Amino acid sequence: MVLLNLALLLEPRLNVFVVDTDLLFPETYALIDRVERKYGITVQRVHPAQSVAEQNATHGDALWKSDPDACCDLRKVAPLRDYLRGFDAWMTALRRDQSGTRIEIPVRAWDESTQVVKIAPLANWTEDDVWSYVRENDVPVNTLHYDGYPSIGCTHCTRRVAAGEHARAGRWSGFDKVECGIHVA
Ligand code: SF4
């Protein structure tokens, strides 16, 4: 949301999108609506090729439980790759302090998986930098952040974190999985 706020100040005609797995929290969908109203933009919803019901029929019920890597490939990685075919570059709010898997992310690099340039302008920002900017600029954020969810993905794969847990401990809890594959495989 910080990146979106900054980027729209520079270029109000930016193409803004969200990878909508059809499994996001109601609070996340509410945030998308708030963003559209606040900034006067349309957020493109990038959906998977299959609905959840179709995926259940094709790959078995609750693929996120049996094979979350495959589920993320179908519902996140492939839709993003297909969507980005029409673009030269995309921006993401990845930060190096978010996790051990992100500690070396470049600010600008060729993204082999999507075949476009990937830019991470906030790579060197800290979590404190982000929250200071949010407060000082009245940036809309997901209300779940105030309810124990520092990192938010799909409903089935995100839980509250306890005091002292890592911010991403609530993602794919119980699995040996820390990334969906969009940013780090
Ligand atoms: S986060 Fe979970 S439900 Fe969402 S796409 Fe990945 S495995 Fe599927």
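All ligand and atom numbering here is 1-based and tracks the order in the structure. Given the structure is predicted, the values throughout are model-derived calculations rather than measurements.
At a cut-off of 3.5 Å, with distance as the only test, a side-chain donor of Asp129 or Thr126 sits close to an acceptor on the other residue. Judged by distance alone, the side chains of Arg168 and Ser99 never bring a donor and an acceptor atom under 3.5 Å apart.
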Return a table of donor-acceptor pairs under 3.5 angstrom between the side chains of residues 23-31 and protein atoms on other chains or two or more places apart.
residue : atom : partner : partner atom : Å
Thr28   : OG1  : Asn142  : ND2          : 2.9
Tyr29   : OH   : Asp20   : OD1          : 2.5
Tyr29   : OH   : Leu24   : N            : 3.4

Residues 76-94, side-chain donor-acceptor partners within the protein, below 3.5 Å, at least two apart:
residue : atom : partner : partner atom : Å
Asp82   : OD1  : Arg85   : NH1          : 3.1
Tyr83   : OH   : Asn15   : ND2          : 2.5

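Evaluation of the side-chain contact (heavy atoms from CB on, under 4.5 Å) rule for Glu36 yields Asp33, Thr42, Val43, Arg45 as partners, not counting sequence neighbours.
Here 1 is the count of protein N, O or S atoms positioned under 2.8 Å from atom 8 (Fe) of ligand 1, waters not counted.
Shown here for Thr21 and Arg75, the closest heavy-atom pair between the two residues is O-NE, 3.0 Å.
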